[in-house]
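What you see is a predicted model; the values in this text were computed from it and never measured.
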Amino acid sequence: GKAVEFVKQNRGLDINIDKLPLDDKKTYDLLSRGETMGVFQLGSSGMTRYLMELKPTTIFDIMAMVALYRPGPLSIIPEYIERKKDISKITYLDPRMKEYMDKSLGLLVYQEDVILTAINIAGYSWSKADKFRKAMGKKKPEEMAKLKEPFIQGCVENGMVKQKAEELFKLIETFAAYGFNKPHAASYAMVSYQTAYMKANFPVEFMAAVMTAEYGDPDKIAAAIDECKRLGIVVLPPDVNSSGVGFTITEQDIRFGLSAIKNVGISAIESILKAREKEKFKNLVDLCSKIDTRLANKKTLESLIKAGALDSFGTRASQLLVLDQVLEQSHKNTRDKNSGQVSLFGEEEEINSVNATLPDVEEIPLEQLLIFEKDLLGFYLHEPPYLKKLIQINDFVTCKISELSEDLLSQKIKLGGVILETKKVITKKSAQEMAFVRLSDGISEIEMVVFPKLFVECRDFLQKDEVIIVLGRLDKREENLSLVVDSASVFDPENAEKVDKTVTITIPKGLDISILQKVNKVLRGYPGDVKTTLLL
């Protein structure tokens, strides 16, 4: 909805979100490339991987993925992908099933598939078929036994071979507990398509809408900024002369709003926006003379300067140095005006009675400017000093922090990132010092546990903003994943050992030998440096 608003404001186009063409090539290409950040229901790493394999071309593909990407039916997805790629693999246990299961490529995907099978193949009434589906969904062995014989008998009476009828019952038995209903999957798929359509066709407006929706969550905003960089969209810092309250679009860039800055309240922002209606502020003195400094007080103005919202007026160091003096004169002018005193030289001279020329002092060091940015915005909008190392680190780790999942629990993994925080604690048993360290790869973060013996060796470099490589075991503390660290070192790209990446190809059970021969031919035809594992 917000993206539609932005498109109207920015391009003057009216987008009817409920009447989008459902065959938009740009949208399906975007999903096939795995550019799913911000797309409803399709943004997880597992779902993205499957979409890239599937290369969806219809809304029914999205419906099926939404319905199947859950514990239970997840195992059906590879079969769906195979059938999508090769239509000769689409089969039906009974030809009559094609009428209602063609869009799901002959696979049981929805609750309606079970109901319509019971009606069309077993000869059930609508009410009996729905009771059958509900009973199957409960997965109680005694219930299953009662349901099996009548169903098989009904199928046989309606012209199905008994062996096929038993196969069909077994298929339904496995699936019934997990089935989505079609309207639910269709509703989700439509919103998924709408978000993907807006991202594919109006990326600037869509990303501005994503950041507006995620406002208040620094991690998600950081991930959105990273996505903007990948898409070539410039995210501009807050600016007192250009920013609105929230995110705005300037041609093909996204501008941060003033509300993104800590200590800058809505009443202060309203005062700033009202004061600049006629013309933009010329300098710090001009700003302070025009706004209500009771609403935008010293703390607010300090935060604006530190966050870079006043950079067009001069250096942050010089503005912070004269802020007290400028505010004092501004308050004096206000008091004089309220008491009826008028300057001999008129209002213009009054405004400039404090010298607008800023002192020539050295700018605050970059490290400190970045600390201000992180403190006031919640993340780095500009490039932090450790970014170069962080970009290089992917070749030296087994996976990114954002790719971690419960599938990797108890496994040894190698991670890399920048330290956000080190919290030291004293153990109860031995009264020794250990640490909990928050590690980030620029998008996601994880808490790491460093026990006393290792902490003694590493304490000197387990400091904020240090880029490190760690080896450890993935664990789960309460509801969150964490890493129990075995070894740690400062990341040195010149001397660190690169991780051998491995491609794993899973060969499903009972696969035709000709497919294996094709795999063999492709692998031998395109030799490279990456190790490949065949998992039979």
Looking at every non-hydrogen atom in both residues, tell me the closest pair between [X] and [Y] and how far apart they are.
| X | Y | value |
| --- | --- | --- |
| D286 | S289 | O-OG, 2.8 Å |
| L415 | I446 | CD1-CG2, 4.3 Å |
| L390 | S440 | CD1-O, 4.1 Å |
| L358 | S318 | CD1-OG, 3.6 Å |
| G314 | Q319 | O-NE2, 3.1 Å |
| P359 | V322 | CD-CG1, 3.4 Å |

Roughly how far, to the nearest 0.5 Å, is [atom2] of [Y] from [atom1] of [X]?
| X | Y | atom1 | atom2 | answer |
| --- | --- | --- | --- | --- |
| R473 | S410 | CZ | OG | 6.0 Å |
| L474 | M448 | CG | CE | 12.5 Å |
| T315 | E363 | OG1 | CD | 4.5 Å |
| M198 | N201 | CE | CG | 8.0 Å |
| S330 | L287 | OG | CG | 9.0 Å |
| T195 | L42 | OG1 | CG | 6.5 Å |

For D492 and N495, test the side chains for any donor-to-acceptor distance below 3.5 angstrom and give the result as yes or no.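 Yes, side-chain donor-acceptor contact under 3.5 Å.
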Have T36 and T48 got a donor and an acceptor in their side chains that come within less than 3.5 Å? yes
Would Q411 and T398 count as a side chain to side chain contact (heavy atoms under 4.5 Å, CB included) if you check the C-alpha gap in whole Å, the side-chain angles of each, and the deciding distance to 0.1 Å? CA-CA 11 Å; Q411 289 190 30; T398 50; over 6 Å; no
Please evaluate residues E373 and K306 with respect to the criterion salt bridge (Lys or Arg N to Asp or Glu O under 4.0 Å), reporting the C-alpha separation (whole Å), side-chain torsions for both, the decisive distance (0.1 Å), and the verdict. CA-CA 7 Å; E373 204 167 84; K306 288 177 179 179; over 6 Å; no
Quick one: is the NZ or CZ of K2 closer than 6.0 Å to the six-membered ring centre of F6, and within 45° of its axis? yes
Looking at K274, R276, K278, E279, which hits side-chain contact (heavy atoms from CB on, under 4.5 Å) with K290?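 Exactly one pass, corresponding to E279.
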Any side-chain heavy atom of [X] sitting closer than 4.5 Å to one from [Y]?
| X | Y | answer |
| --- | --- | --- |
| M63 | S192 | no |
| L404 | I413 | yes |
| S259 | I269 | yes |
| D375 | K262 | yes |
| I419 | D465 | no |
| V210 | M37 | yes |
| I468 | V470 | yes |
| L327 | C288 | yes |

I would like to know whether Y28 and Y197 meet ring pair (Phe, Tyr, Trp, His ring centres under 6.0 Å); could you show each step before the answer? CA-CA 8 Å; Y28 293 113; Y197 179 93; over 10 Å; no
Count the heavy atoms of every other residue, nucleotide or ligand shown that sit under 6.0 Å from [atom1] of [X], and state whether that count exceeds 12.
| X | atom1 | answer |
| --- | --- | --- |
| K414 | NZ | yes |
| E328 | CD | no |
| E362 | CD | no |
| K299 | NZ | no |
| K388 | NZ | no |
| K220 | NZ | no |

Check this for me, if you would: do [X] and [Y] make a salt bridge, where the nitrogen-to-carboxylate-oxygen distance has to be below 4.0 angstrom?
| X | Y | answer |
| --- | --- | --- |
| D292 | R294 | yes |
| E227 | R230 | yes |
| K199 | E35 | no |
| K298 | D324 | yes |

Does [Y] offer a backbone N or O that forms a donor-acceptor pair with the side chain of [X] under 3.5 Å?
| X | Y | value |
| --- | --- | --- |
| T58 | D61 | yes |
| T427 | Q432 | yes |
| E403 | K400 | yes |
| S303 | N263 | no |

With sequence neighbours left out, which residue pairs that include part of residues 433-454 fulfil the salt bridge (Lys or Arg N to Asp or Glu O under 4.0 Å) condition?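 Pairs touching residues 433-454 that pass the test: E421-R438, E433-R459, R438-E445, E447-R477.
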Within residues 444-495 or reaching into it, pairs that qualify as ring pair (Phe, Tyr, Trp, His ring centres under 6.0 Å) - sequence neighbours excluded: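 Only F396-F491 qualify under ring pair (Phe, Tyr, Trp, His ring centres under 6.0 Å).
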With side chain to side chain contact (heavy atoms under 4.5 Å, CB included) as the test, would you mind laying out the steps for I469 and V490 before giving the verdict? CA-CA 6 Å; I469 291 275; V490 173; over 6 Å; no
What pairs of donor and acceptor atoms, side-chain ones from residues 481-488 against any protein atom, are under 3.5 angstrom apart with sequence neighbours left out?
from, atom 1, to, atom 2, distance (Å)
D486, OD2, K412, NZ, 2.7

ring-ring contact (aromatic ring centres under 6.0 Å, His included), paired with Y188, selected from F40, Y193, Y69: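 When ring-ring contact (aromatic ring centres under 6.0 Å, His included) is applied between Y188 and each of F40, Y193, Y69, only F40 qualifies.
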With sequence neighbours excluded, residues passing side-chain hydrogen bond (donor to acceptor under 3.5 Å, both in side chains) with N297: T300
Should F313 and K282 be marked as a side chain to side chain contact (heavy atoms under 4.5 Å, CB included) after you check the CA-CA gap, both sets of side-chain angles, and the distance that decides it? CA-CA 7 Å; F313 301 156; K282 300 182 187 75; over 6 Å; no
Quick one: side chains of residues 233-250, donor-acceptor pairs under 3.5 Å with protein atoms, not counting sequence neighbours, listed by atom name and distance.
from, atom 1, to, atom 2, distance (Å)
D239, OD1, N241, N, 2.8
D239, OD1, S242, N, 3.1
D239, OD1, S242, OG, 3.4
N241, OD1, F281, N, 2.8
N241, ND2, F281, O, 3.0
S243, OG, D239, N, 2.8
S243, OG, D239, O, 3.2
S243, OG, F256, O, 2.6

Are I364 and F372 close enough, and set up right, to give a side chain to side chain contact (heavy atoms under 4.5 Å, CB included), and what steps lead you there? CA-CA 10 Å; I364 297 161; F372 286 155; 3.9 Å; yes
Which side-chain N or O atoms in residues 15-22 pair as donor and acceptor under 3.5 Å with protein atoms at least two apart or in another chain?
from, atom 1, to, atom 2, distance (Å)
N16, OD1, D18, N, 3.0

